[in-house]
Structure formats: C-alpha cells, structure tokens
Visitor: 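Quick one: structure below, then a few questions.
Residue indices begin at 1 and follow the sequence shown. Because the structure is a prediction, the values reported are computed rather than measured.
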Amino acid sequence: LVLPSGRMLLPLYSDGFNVCLMARSDDQGATWQASNAIVGLGPIQPTLARRQDGRHVALKLVEVRDDQESRDIVAAERLGARLQQLFGGSDPHVPAVFAAGESNGFFFIEMEYVDGADLKAIIETLRKRGQQFPLAAAVYIATKICEGLAYAHDLTDGRGNPFGIVHRDMSPPNVLIPRYGEIKIT
C-alpha cells in the first residue's frame with residue numbers, strides 16, 4: 001500500500017482477532033521498520049485497505065457473536081460510528097466515517113486513514129528512548145483535544161437542543177497524531 005505521502009505499508013501479521021503488524025518505509029522501500037502493534041480492544045480487528053477509487057481507509061472489524069460482551073462491544077462501536085458519521089465531516093478533529101454496517105458475521109466501520117501514530121505509541125517510544133514528552137507539544141496536543149471535545153460537547157440539533165455527547169474513552173490510544181494535518185480523536 002503506497003500512501004499519498006509516499007509512505008509504504010506492508011501487512012506483516014494479523015491474528016484475525018485484535019492485533020496486526022505492518023512494515024513501513026519512508027524511502028521507497030530501501031529500508032523498512034516494523035510498526036508498533038495495532039491493537040483493537042476486545043474482539044476488534046484493525047486493518048487498512050484501499051478502495052476502488054484509490055482512497056486509503058482504516059477498517060475496524062468486530063465479530064458479531066451471541067454473547068452479551070460481544071453485543072455490548074458492537075453496540076458501542078455502532079454508536080461511535082454513527083456519531084462520527086454525524087459530525088466527522090464537519091470537524092477536522094474527527095476522522096470521517098465512510099460506511100458502517102454488518103457483513104459476513106462482522107460489524108465493520110470504514111473510516112478515514114490517518115497516516116501517523118496514536119499518542120500512546122508516541123509516549124511509549126519516547127519513554128523507551130529515555131526522553132520526556134516536549135512541553136510545547138503536550139500543550140499543543142492538549143489544546144487540540146480540547147477543541148475537538150468542545151465541538152462534540154457543544155453540538156445541538158436543529159432546535160438548539162444539546163445532543164449531550166460525552167466521549168467515554170478519552171485516552172492516548174484514541175488520539176491520532178498525523179504526519180501532516182489536524183490531530184484526530186477517535
């Protein structure tokens with residue numbers, strides 16, 4: 001998979017449940033690095049794909065099972081996808097959702113691919129290197145997170161009634177730091 005930025009991604013491993021690994025190259029394949037594990041919580045399989053129109057998208061696949069835990073996870077993912085569809089295109093801090101639904105025993109979400117890393121991976125990389133997170137970067141990221149959350153919290157319907165949206169999992173893995181562009185909240 002070659003992204004518009006020139007970065008190359010090569011799928012290396014998927015356990016078919018909730019972990020996948022990619023190799024990435026930023027020099028036309030001369031050198032490669034393994035990605036951090038891309039992990040979905042519970043039975044959520046994250047992956048990447050290219051649509052027929054050439055656009056790169058991120059896919060979340062959640063196995064639909066009969067147990068209560070699975071039903072709860074699917075319900076939460078369905079609600080999150082619906083909210084992202086409602087305001088993802090109008091707020092630069094939210095990845096756009098292009099499609100969501102069920103197919104072949106899976107609930108899927110097809111959304112904007114963000115070429116970058118999540119905040120947790122960046123924090124862990126800095127920690128492994130013995131480096132502190134730069135204060136200016138932390139303040140900038142926190143400001144952008146607050147802008148995105150304020151947008152969601154202030155949303156109203158056509159009559160001015162608040163939707164009452166509260167992000168219930170605001171954590172470093174849900175903050176995407178792109179190589180270029182706006183910080184995204186998932």
Side-chain angles (χ1 to χ4, degrees), residues 1 3-15 17-26 32-50 55-62 73 76-77 79-81 83-85 87-89 91-98 100 107-152 165-186:
L1 203 60
L3 302 175
S5 64
R7 175 174 274 186
M8 299 172 75
L9 298 175
L10 177 67
L12 295 177
Y13 169 79
S14 170
D15 69 355
F17 181 63
N18 65 352
V19 177
C20 67
L21 294 172
M22 301 273 182
R24 67 177 185 265
S25 174
D26 291 315
W32 292 87
Q33 291 182 313
S35 71
N36 290 325
I38 303 170
V39 180
L41 298 176
I44 298 174
Q45 174 63 53
T47 192
L48 302 174
R50 184 175 9 195
R55 182 180 357 184
H56 297 95
V57 295
L59 293 174
K60 269 178 132 176
L61 302 172
V62 183
I73 291 170
E77 290 296 330
L79 176 61
L83 292 172
Q84 280 184 247
Q85 283 177 318
F87 62 89
D91 181 20
H93 301 99
V94 179
V97 169
F98 306 118
F107 176 73
F108 69 89
I109 304 170
E110 178 187 326
M111 68 181 83
E112 172 186 0
Y113 171 70
V114 178
D115 184 11
D118 69 57
L119 184 55
K120 181 180 179 187
I122 293 169
I123 291 169
E124 288 175 352
T125 298
L126 289 171
R127 188 175 295 139
K128 286 177 187 174
R129 293 178 181 170
Q131 298 174 317
Q132 290 188 338
F133 205 99
L135 180 60
V139 170
Y140 176 78
I141 292 167
T143 300
K144 294 300 180 180
I145 291 169
C146 290
E147 287 174 7
L149 292 174
Y151 179 85
I165 296 171
V166 176
H167 195 299
R168 295 178 189 246
D169 188 19
M170 192 65 261
S171 58
N174 290 332
V175 178
L176 303 178
I177 312 295
R179 292 175 53 174
Y180 309 103
E182 286 290 338
I183 290 169
K184 306 279 187 181
I185 301 169
T186 63

Visitor: Drop me the distance from E112's CD to F98's CZ, to the nearest 0.5 angstrom.
Guide: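 Here the rounded value is 6.0 Å.
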Visitor: Side chain to side chain contact (heavy atoms under 4.5 Å, CB included) between E110 and V97: does it pass, once the steps are laid out?
Guide: CA-CA 6 Å; E110 178 187 326; V97 169; over 6 Å; no
Visitor: Is it the case that more than 12 heavy atoms not belonging to K144 sit under 6.0 Å from its NZ atom?
Guide: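 It does: K144 NZ has more than 12 such atoms within range.
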Visitor: Name the atoms and distances for all side-chain donor-acceptor pairs under 3.5 Å in residues 172-179, with sequence neighbours left out.
Guide:
{"from": "N174", "atom 1": "OD1", "to": "T186", "atom 2": "OG1", "distance (Å)": "3.3"}
{"from": "N174", "atom 1": "ND2", "to": "D169", "atom 2": "O", "distance (Å)": "2.6"}
{"from": "N174", "atom 1": "ND2", "to": "D169", "atom 2": "OD2", "distance (Å)": "3.0"}
{"from": "R179", "atom 1": "NH1", "to": "D26", "atom 2": "OD1", "distance (Å)": "2.9"}

Visitor: Taking atom CG of L119 and atom CD1 of I145, what is their separation to the nearest 0.5 Å?
Guide: 6.0 Å
Visitor: Could you walk me through whether K184 and H93 satisfy the side chain to side chain contact (heavy atoms under 4.5 Å, CB included) test, starting with their C-alpha distance in whole Å, then the side-chain angles of each, then the deciding distance to 0.1 Å, before giving a yes or no?
Guide: CA-CA 4 Å; K184 306 279 187 181; H93 301 99; 5.7 Å; no
Visitor: What's the spacing between F133 CZ and I141 CD1 if we round to 0.5 Å?
Guide: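 The CZ atom of F133 sits 3.5 Å away from the CD1 atom of I141.
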Visitor: Passes side chain to side chain contact (heavy atoms under 4.5 Å, CB included), E77 versus I109? Steps please.
Guide: CA-CA 8 Å; E77 290 296 330; I109 304 170; 3.6 Å; yes
Visitor: What distance do I185 atom CD1 and S171 atom OG have between them, rounded to the nearest 0.5 Å?
Guide: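 Between I185 CD1 and S171 OG, I get 11.0 Å after rounding to 0.5 Å.
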Visitor: For the residue pair F107 and A81, what are the closest heavy atoms and their distance?
Guide: CZ-CB, 4.5 Å
Visitor: If you define the side chain from C-beta out and look only at heavy atoms, does anything of M170 sit under 4.5 Å from L149?
Guide: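 Yes, close enough: below the 4.5 Å cut-off.
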Visitor: Under the side-chain contact (heavy atoms from CB on, under 4.5 Å) rule, collect the residues that match up with Y151, sequence neighbours excluded.
Guide: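 In terms of side-chain contact (heavy atoms from CB on, under 4.5 Å), with neighbours along the sequence ignored, Y151 is linked to F87, S90, D91, L155.
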Visitor: Please evaluate residues Q132 and L126 with respect to the criterion side chain to side chain contact (heavy atoms under 4.5 Å, CB included), reporting the C-alpha separation (whole Å), side-chain torsions for both, the decisive distance (0.1 Å), and the verdict.
Guide: CA-CA 6 Å; Q132 290 188 338; L126 289 171; over 6 Å; no
